[in-house]
Amino acid sequence: MTIASQIKHAAEDALKNLYPGVAIDISMIGVNQTKPEFAGDYTIVLFPFLKLLKQKPDIIGKQLGDYLLQKNELFSSYEIVSGFLNLAVKDTWWVSFLMNHFTDAHYGEKSKADRRVMIEYSSPNTNKPLHFGHLRNNFLGAAMAEILKATGNQVVKANLINDRGIHICKSMVAWMKFAHGATPESTGIKGDHLVGDYYVKFNDEYKQEIAALTARGMDEKMAEKEAPIMRDAQDLLRKWEAGDTEVRELWQMMNGWVYKGFDESYKRLGISFDKVYYESDTYLLGKKIVEEGLRKKVLFKKEDGSVWIDLTDEGLDQKLLLRGDGTSVYMTQDLGTAKLKYDEFKLNQSVYVIADEQNYHIQVLKLIMKKLGEPCADGIYHLSYGMVELPTGKMKSREGTVVDADDMVSEMINLSKEQTETSGKTEGFSADELVKLYETIGMGALKFYLLRVDPKKKMIFDPKESIDLHGYTATFIQYAHARICSILRKENIPLSPDCTKFQSFVQTSELAPLEKKIILALEEYPLILSEAADGFNPSSICNYSFQLAQMFNTFYDAHSISKAESDEKKQLRLMIIIMTASVLRHAMHLMGIKLPEKM
RNA sequence: GGCCCGGUAGCUCAGCUGGAUAGAGCACCAGCCUUCUAAGCUGGGGGUCAUUGGUUCGAAUCCAAUCCGGGUCACCA
C-alpha cells in the first residue's frame with residue numbers, strides 16, 4: 001500500500017474514533033503531497049469535514065493531528081495552515097522504505113494475475129514503408145505491452161498485417177508497368193521503400209490519366225473510375241480474390257520484399273510481436289458472424305443483397321457489413337478477427353492501438369459484437385491516439401509528404417553522434433561502443449519524443465527544428481543515469497548490489513530536504529506505474545522519469561556522495577542513487593529506452 | 001448538420017477523479033566547471049488557463065452555452 005493511502009486510512013480511522021456516529025467516507029479524505037513552501041510531507045485537506053463535524057478547521061486539524069501522532073507510528077509532527085493539516089512522516093519510515101526496496105530490480109511491479117490482454121499495434125499496410133506516424137503507433141503499443149506486463153497482466157503482442165486489398169494492387173500495377181523487373185537486390189533499395197516508390201508512381205500516373213480524361217470533357221468522378229491504371233488495379237484485385245496463380249505469385253514476391261524491409265525496421269526500432277495475423281488469412285472470417293447475425297435478426301438484408309446493421313437507436317447510423325455481391329468490407333474482417341483473437345487466447349481484454357480517425361469504426365465494431373452477443377465485445381478497448389502532423393498539415397504517402405521512419409531513425413542517430421563529438425565526450429570509448437552509444441541516444445530521443453505526449457493528443461512535428469537532446473528528453477534521463485553509474489563505478493558498487501551491502505546501516509541524522517524529496521518520489525513509482533496502466537498512458541511515466549532525473553541532478557549538484565560529510569550520509573546517498581538509477585532503468589525499459597552506463 | 005476529441009507562457013507540453021501563490025522544457029537574460037560526467041545546476045522576465053454563465057467554503061479541473069481547430073458519419077481501408 002502506498003504511503004498516501006496508508007495516511008488516508010489512518011485519517012479515516014481517526015475521524016471515526018474522534019467523531020463516532022458521523023458518517024465519514026474515505027472518498028472525502030483528500031491526501032496530497034505537501035507544497036514545498038510548507039513544512040511536512042503529506043497534507044490532509046480539512047474543508048470537506050467542516051459542515052459534517054460542525055467545527056472550525058483549526059479544531060478538527062488539532063484533534064486529527066494529535067490523534068494521528070499519538071496512535072500512529074508513521075508521523076513525527078504536524079502543522080495546521082489555514083485549513084490544511086500538514087503531516088510529517090518520520091525519517092525512520094522513509095529510511096526503512098529505502099532499505100527495503102533499493103536493490104529490488106522489479107520494484108513497482110504487480111504480481112502476475114490470470115488476466116490475459118492482447119494488444120494489437122503497428123498493423124502496417126504492405127504497400128509502403130513505415131512513416132513517422134507509424135512510429136508513434138509502434139512505440140505506444142510496445143510501451144503499453146510492457147506496462148501491462150509490469151502491472152501483472154499476461155500480454156500477447158499482436159500485429160495484423162494488411163497485406164491484401166486495392167492498395168497493394170496499386171503498387172503491383174505500377175511495378176508491372178514501370179519497374180522493368182527491378183528488385184531490391186537489383187536496385188539496392190530496401191524492399192518496403194521500393195514497393196512504396198511504385199505506390200507513389202501509381203498515384204502520379206493516376207493523376208495524369210485523370211487530367212487527360214477530364215481534358216477530353218469527362219467529369220472528374222467518372223474519370224477517377226475510368227482511368228485505365230485504376231481499372232488495372234481493380235482487375236488485379238479481382239484476380240487476386242479469384243486466386244489467379246500469376247497474380248498471387250507477384251503479390252507474394254512484392255510482399256516478401258516489404259516484410260524483409262519491415263523486419264529490418266522493426267529490429268532497429270526494438271519492436272517485436274508474439275502473434276502475427278495476415279489480413280489475407282482473416283478477411284473472410286467475418287462472413288459467418290454476419291450470417292449468424294442475420295439469423296438472429298440483429299442484422300438485415302437490403303433488396304440488393306447487402307447486409308447492414310441499424311445503429312440509429314444508439315445515435316449512430318446504419319453500417320454496411322457485407323457488400324451486395326457478398327464480398328466482405330473492412331468491418332466484416334474486423335468482426336471475424338475480433339472473435340478469432342478472443343477464441344484463440346481467451347482474452348479478458350483486447351486492445352487496439354489505432355489512430356483516432358478510426359474512433360467511430362471501433363465504436364461500431366464493439367457495438368455490433370455486443371448486439372450479436374459475442375463475449376469478446378466487453379473486452380474491446382480502443383487505445384486511440386492523435387495523428388502526427390507536419391506544420392503543413394497531414395502526412396500523405398500518396399503525395400510523398402511523409403517523414404520516413406527509417407530516415408528519421410538515421411537522422412536521430414546522426415544527431416546524437418554530432419552532439420557527442422562536438423561536446424568531446426567520445427573519450428574512453430571503442431569504435432564499437434560509440435556506435436552502440438549513438439544508437440542508444442538517438443533511438444531513446446526518438447521514442448521519448450513520441451511517448452512523452454498524452455496519446456490522445458495530436459502532435460505537430462517540425463522536421464526542420466528536428467529533435468533536441470536537451471531538457472525534457474530521454475538524453476536527460478540517460479545522462480542522470482550515466483552520472484550515477486560513474487559514481488558507483490568509483491565506489492566499486494555493482495549496478496545491482498547484493499542486499500547485504502548496506503544492511504548494517506543505522507540512521508542517526510536527519511534526512512536533508514533533497515534526500516527526502518527523492519525518496520518520496522521513489523515511493524510514488526508503483527502508483528505512477530499503475531496509473532499509466534489504467535489510463536493507457538505511457539506519457540505519465542516519461543513525465544515521472546524526467547522529474548526524478550531532475551531531482552537527482554539537483555541533488556547531485558548540492559550534495560557530494562563520495563565525499564559526503566559522514567560515512568552514514570554516504571551510505572544513505574548511495575542507497576538513494578542506486579534506487580534512483582534502478583527505477584529510471586525500469587521505467588525507461590518499459591518505454592523501450594536503454595540507459596547507458598557511460599555517455 | 002449528428003456524434004467524438006482538443007483549446008493552459010512566444011513555441012512544445014504537464015497539471016484535469018475540485019484544494020494553498022497554475023508548473024516543466026525550448027527560446028531569451030544573468031550567474032555556476034583546480035571538487036562524484038556542465039548533454040548539468042541556480043536565478044530572472046514571460047499567463048484574461050478560448051469566452052460567458054452556473055455549482056461550491058474553494059474551479060484550469062465539474063455542469064451548460066458559445067467561439068475556434070481537428071476527426072468522423074462510404075458497397076474505401
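Keep in mind that this is a model prediction, so the values were computed, not measured. Letters A, B, ... mirror the listed sequences (proteins, then strands); counts begin at 1.
The phosphate of B:C41 has OP1 or OP2 within less than 4.0 Å of a side-chain N or O from A:N553. Using a 4.0 Å cut-off, some side-chain N or O of A:K51 falls inside it from OP1 or OP2 of B:C57. Between A:R483 and B:A39 there is no side-chain polar atom (N or O) within less than 4.0 angstrom of OP1 or OP2. For A:K35, a side-chain nitrogen or oxygen approaches OP1 or OP2 of B:A20 to under 4.0 Å. Residue A:Q550 places at least one side-chain N or O under 4.0 Å from the OP1 or OP2 atom of B:G25. Neither OP1 nor OP2 of B:U35 sits under 4.0 Å from any side-chain N or O of A:S562.
At a cut-off of 3.5 angstrom, counting only N and O atoms as typed in the model, there is a donor on one side and an acceptor on the other between the side-chain of A:N86 and the base of B:A20. Under 3.5 Å, the side chain of A:T43 and the base of B:A20 form at least one donor-acceptor pair of N or O atoms.
Among the atoms of the strands shown, none is found under 4.0 Å from any heavy atom of A:G165. No contact: A:M387 has no heavy atom under 4.0 Å from any strand. Here A:T420 lies in heavy-atom contact (under 4.0 Å) with a base. A:Q547 comes within 4.0 angstrom of nothing in the nucleic acid, heavy atoms only. When heavy atoms are screened at a 4.0 angstrom cut-off, A:Y360 is found touching the sugar-phosphate backbone but no base atom. A:E597 comes within 4.0 angstrom of a nucleotide base, judged by non-hydrogen atoms across all strands. Within 4.0 Å of A:I441, counting heavy atoms only, lies at least one base atom of the nucleic acid. Residue A:D454 is in sugar-phosphate contact alone, with no base atom involved, counting any heavy-atom pair closer than 4.0 Å across all strands shown.
Between A:A482 and A:S82, it is A:S82 whose nearest contact on RNA chain B lies nearer the 5' terminus. Mapping A:H361 and A:I460 onto RNA chain B by nearest heavy atom places A:I460 closer to the 5' end of the strand.
Summarising the geometry, the separation between CZ on A:F38 and C1' on B:A20 is reported as 5 Å, rounded to the nearest angstrom. Atom CG of A:L365 and atom C1' of B:A77 are 14 Å apart (whole Å). The CG-P distance, from A:L437 to B:U37, rounds to 16 Å in whole Å. Atoms CE (A:M28) and P (B:G58) sit 17 Å apart, rounded to a whole Å. To the nearest angstrom, P of B:C13 lies 7 Å from OH of A:Y449. In this structure, the CZ atom of A:R323 is 14 Å from the P atom of B:A74, given to the nearest Å. Following rounding to the nearest Å, A:L85 (CG) and B:G19 (P) show an atom-to-atom distance of 18 Å. With rounding to whole Å, A:E357 atom CD is found 14 Å from B:A74 atom C1'.
Salt-bridge check for A:K456 with A:D454: passed, with a basic side-chain N closer than 4.0 Å to an acidic carboxylate O. Salt bridge absent: A:E565 and A:K570 never bring a charged side-chain N and a carboxylate O closer than 4.0 Å.
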Would you write the dot-bracket representation of RNA chain B, where each base gets (, ), [, ], | or . depending on whether it forms a Watson-Crick or G-U pair under 3.5 Å and with which partner? ((((((((.[[[[.)...(...]]]].(((((.......))))).....[[[[[..)....]]]]])))))))....

Name the pairs: protein N/O against N/O of nucleotides 26-30 of chain B, kept only if under 3.5 Å.
none

Restricting to nitrogen or oxygen on both sides, can you table the protein-nucleotides 5-9 of chain B pairs closer than 3.5 Å?
| from | atom 1 | to | atom 2 | distance (Å) |
| --- | --- | --- | --- | --- |
| B:G7 | OP1 | A:K457 | NZ | 3.3 |

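With A:L87 as the fixed residue, the side-chain contact (heavy atoms from CB on, under 4.5 Å) test singles out one of A:L64, A:D41, A:I44, A:T34: A:I44.
In this structure, of B:U37, B:G40, B:A77, it is B:G40 that holds the atom nearest to the side chain of A:F476. The listed nucleotides are B:A24, B:C36, B:C13; the one nearest the side chain of A:V453 is B:C13. Among B:G70, B:A20, B:G40, the nucleotide with an atom closest to any side-chain atom of A:K458 is B:G70. If you check B:C36, B:U37, B:G40 against the side chain of A:S486, the one that comes closest is B:U37. Checked against B:C76, B:G40, B:A39, the side chain of A:D557 finds its nearest nucleotide in B:G40. Picking from B:U12, B:C36, B:G19 the nucleotide with the shortest atom distance to the side chain of A:S560 gives B:C36. Distance from the side chain of A:I561 is smallest to B:C36 among B:C41, B:C36, B:U12.
Ring-centre distance between A:Y352 and A:Y381: not below the 6.0 Å cut-off. Here the two rings, on A:F84 and A:F38, have centers that are 6.0 Å apart or farther. The aromatic ring centres of A:H361 and A:Y330 sit less than 6.0 Å apart. Taking the six-membered ring for Trp and the full ring otherwise, A:W240 and A:Y283 have centroids separated by under 6.0 Å.
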Would you check, one step at a time, whether the test side chain to side chain donor-acceptor pair (under 3.5 Å) holds for A:R483 with A:N553? CA-CA 9 Å; A:R483 279 174 140 183; A:N553 278 331; 2.7 Å; yes

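Note: A:F448 and A:Y472 have perpendicular aromatic rings, judged against thresholds of 30 and 60 degrees for the angle between ring planes.
Distance check on atom P: B:U35 versus B:G46 gives 37 Å, rounded to whole Å.
Base orientation for B:C73: anti, the chi torsion being more than 90° from 0.
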